[in-house]
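Single-structure report; data block below.
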Amino acid sequence: MAVSTPAPLDSSKLETQFTQTERPLPDHNSPEQWSQSYQTDHMLTVSWDVTNGWETPKIGPYSNLSLPPTASIFHYATTCFEGMKVYRGYDGKARLFRPHLNAARMLRSAQRVCLPSFDPAELEVLLIKFAEVEAKKWVPESRPGTFFYLRPMMLGTQSTIGLQPAKEALLCIISVVFPNIDDTPVTKGPIDGSGETSKAFSPLKATTGTKEENSPGLKLFASASSHVRAWPGGSGAAKIGANYGPTLVPQQEARNAGFDQVLWLYGGSGFENNPLVTEAGGSNFFMVWKTPEGKTQLITATLELGIILPGITRQSILELSKDEFKDELEVVESDFGIEDIVLAHKENRLVEAFVAGTAYFVTPVKQITYQGNDLRVPLSEGTSGKYTKAIREYLMAVQYGQRESKWGVVLNEL
Ligand SMILES: *Cc1c(COP(=O)(O)O)cnc(C)c1O
């Protein structure tokens with residue numbers, strides 16, 4: 001009997017069937033955009049099983065999935081995902097931002113929950129092809145400077161109540177319309193990696209509340225004891241569903257107390273006296289401060305302990321800052337603790353802080369609250385710090401085609 005090898009993921013086999021029932025494109029900054037659940041017309045699916053490997057990738061009309069209630073995903077969170085955007089440039093071209101990095105991270109996340117392996121270069125092609133089907137309509141040339149959100153995901157679909165690696169899985173790429181978080185929301189919602197919406201919010205242009213609450217910038221709540229996202233040996237570095245549901249309780253607590261996001265600390269073994277500052281909500285955290293020696297430093301947590309998500313925005317900011325600000329800033333990935341921020345605040349050494357990720361983009365932080373103390377972070381340019389602003393502008397210029405860069409992958413739209 002011939003033993004067949006399971007087929008690899010193969011983007012060259014992609015089949016496309018266009019929808020017969022197109023959905024209307026919502027207005028810019030409309031409630032549909034803010035709902036973050038209004039899908040574009042199509043989805044891409046590829047099924048896998050342990051014997052046959054990857055099936056033919058297919059783009060077809062967006063539709064519901066049909067799965068048995070015993071499917072592994074529903075019980076054991078055998079799922080991982082990615083978050084990316086398709087940007088419409090001011091030059092009329094549509095782009096993805098460094099998609100090969102998302103494809104590579106998707107593979108690492110899949111492996112963390114024993115989902116099947118694939119060549120990330122094949123996933124990258126599928127991401128590009130899917131974006132090429134949707135771009136013309138969903139980021140029309142008449143709306144330069146806008147984007148929609150791509151959500152690649154993989155699920156264990158095998159029927160199994162026994163806990164075991166899935167023998168069947170599904171890779172999907174879906175996309176939803178997304179508001180520009182710099183715009184004033186017409187209805188609701190902060191944006192973060194998990195797509196949660198709860199209260200009127202715009203990080204750069206707040207719309208409700210008192211004058212003080214109206215000032216731009218995020219307020220972060222930090223607690224080392226009740227708010228722990230990840231720990232050494234855990235799964236914090238993977239973009240897997242299991243990491244996100246449990247963050248909702250601390251996030252709701254912080255929101256109910258008037259904060260925008262949780263600043264995740266790690267105060268475990270060795271860090272009890274000065275809990276590590278890791279990341280904020282679904283974004284990486286950056287601080288600009290003066291060191292006690294008087295150097296100006298851009299600092300973010302290292303990836304070494306595996307407790308933060310290695311953001312592509314984070315990596316890009318580190319790379320561009322080493323170049324753009326080489327005469328002004330020392331750029332470091334290093335462990336630093338909340339007590340270091342407390343001390344820097346006391347000694348007037350805080351320069352600025354921001355969070356960074358695809359969903360939240362680069363958003364200034366104006367306050368960190370720790371053990372009942374509100375630490376104010378300066379916003380030197382009014383709505384953000386100087387470096388925060390320069391970094392935002394640099395990345396936007398790449399994404400919207402105003403700066404020539406290998407990071408922007410131009411789509412050949414259908
Ligand atoms: C996705 C994500 C980020 C940001 O990653 P990007 O690749 O920059 O979008 C940061 N932290 C967490 C927890 C995330 O899920």
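Since this is a predicted model, take the numbers as computed values, not measurements.
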message: Would L395 and S316 count as a side-chain contact (heavy atoms from CB on, under 4.5 Å) here? Give the steps.
response: CA-CA 8 Å; L395 290 173; S316 305; 4.3 Å; yes
I want to check something: taking the side chain as every heavy atom from C-beta on, are [X] and [Y] in contact at a cut-off of under 4.5 Å?
| X | Y | result |
| --- | --- | --- |
| F271 | L305 | yes |
| L9 | L171 | yes |
| Y87 | M396 | no |
| P152 | L127 | yes |
| Q261 | Y360 | yes |
| P250 | W264 | yes |
| P179 | W34 | yes |
| I341 | V277 | yes |

Side-chain ion pair, [X] and [Y], N-O less than 4.0 Å:
| X | Y | result |
| --- | --- | --- |
| K366 | E352 | no |
| E330 | K295 | yes |
| E279 | R314 | no |
| R98 | E319 | yes |
| K167 | D49 | no |
| E32 | R23 | no |

- request: Please report the C-alpha distance between E122 and S11 in whole Å, then the side-chain angles of each, then the deciding distance to 0.1 Å, and finally whether the side chain to side chain donor-acceptor pair (under 3.5 Å) criterion is met.
  value: CA-CA 5 Å; E122 295 298 319; S11 61; 2.7 Å; yes
Euclidean distance, [Y] [atom2] relative to [X] [atom1], rounded to 0.5 Å:
| X | Y | atom1 | atom2 | result |
| --- | --- | --- | --- | --- |
| L150 | I174 | CG | CD1 | 9.5 Å |
| L318 | L320 | CG | CG | 8.5 Å |
| F81 | S109 | CZ | OG | 8.0 Å |
| T146 | K85 | OG1 | NZ | 11.0 Å |
| I59 | D41 | CD1 | CG | 12.0 Å |
| Q315 | I312 | CD | CD1 | 7.5 Å |

Expected output: side-chain [X] to main-chain [Y] donor-acceptor under 3.5 Å:
| X | Y | value |
| --- | --- | --- |
| T79 | M154 | yes |
| R95 | G89 | no |
| N284 | P310 | no |
| T388 | S384 | no |
| S380 | K386 | yes |
| R88 | G92 | yes |
| R349 | K290 | yes |
| D335 | A301 | no |
| H100 | P120 | no |
| Y387 | F325 | no |

Can you confirm whether more than 12 heavy atoms, excluding those of [X], are under 6.0 Å from its [atom1] atom?
| X | atom1 | result |
| --- | --- | --- |
| E404 | CD | no |
| N256 | CG | yes |
| E304 | CD | no |

message: Check whether Y394 forms a cation-pi arrangement with R403 (NZ or CZ under 6.0 Å from the six-membered ring centre, at most 45° off the ring normal).
response: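 Yes, a cation-pi geometry.
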Under 3.5 Å side-chain donor-acceptor pair for [X] and [Y]:
| X | Y | answer |
| --- | --- | --- |
| S72 | T160 | no |
| Y149 | R151 | yes |
| T369 | Q367 | yes |
| T300 | E333 | no |

Please find the pair of heavy atoms, one from [X] and one from [Y], that lie closest to each other, and give the distance.
| X | Y | value |
| --- | --- | --- |
| A254 | V262 | CB-CG2, 3.8 Å |
| V377 | A353 | CG1-N, 3.6 Å |
| P364 | V362 | CD-O, 4.1 Å |

- request: Could you please spell out the steps behind the side-chain contact (heavy atoms from CB on, under 4.5 Å) verdict for I391 and F354?
  value: CA-CA 10 Å; I391 289 166; F354 60 90; 3.7 Å; yes
- prompt: Passes side chain to side chain donor-acceptor pair (under 3.5 Å), S226 versus S223? Steps please.
  reply: CA-CA 6 Å; S226 56; S223 163; 3.0 Å; yes
- prompt: Does the salt bridge (Lys or Arg N to Asp or Glu O under 4.0 Å) test come out yes or no for K93 and E141, once each step is laid out?
  reply: CA-CA 8 Å; K93 293 178 183 161; E141 269 187 58; over 6 Å; no
query: Knowing that exactly one of P6, P116, S117 qualifies, which makes a side-chain contact (heavy atoms from CB on, under 4.5 Å) with W54?
result: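 Single side-chain contact (heavy atoms from CB on, under 4.5 Å) partner of W54 among P6, P116, S117: P116.
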task: Can you spot which of F18, F130, Y62 makes a ring pair (Phe, Tyr, Trp, His ring centres under 6.0 Å) with H42?
output: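 By the ring pair (Phe, Tyr, Trp, His ring centres under 6.0 Å) criterion, H42 pairs with just one of F18, F130, Y62: F18.
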message: side-chain contact (heavy atoms from CB on, under 4.5 Å), that's the test. Do C80 and R112 meet it? Break it down for me.
response: CA-CA 9 Å; C80 65; R112 188 66 184 78; over 6 Å; no
message: Using salt bridge (Lys or Arg N to Asp or Glu O under 4.0 Å), reason through E82 and K239 one step at a time and then give a plain yes or no.
response: CA-CA 7 Å; E82 274 300 318; K239 229 171 163 70; 5.8 Å; no
- request: Could you check Y38 against V176 for side-chain contact (heavy atoms from CB on, under 4.5 Å), going step by step and ending with a plain yes or no?
  value: CA-CA 5 Å; Y38 191 97; V176 295; 5.8 Å; no
Within the 6.0 Å centroid threshold, strictly below: [X] and [Y]:
| X | Y | value |
| --- | --- | --- |
| Y370 | F221 | no |
| W138 | F148 | no |
| W289 | F336 | yes |

- request: Go through the steps to decide whether E134 and T40 satisfy the test side chain to side chain donor-acceptor pair (under 3.5 Å), and finish with yes or no.
  value: CA-CA 7 Å; E134 298 295 59; T40 62; 2.6 Å; yes
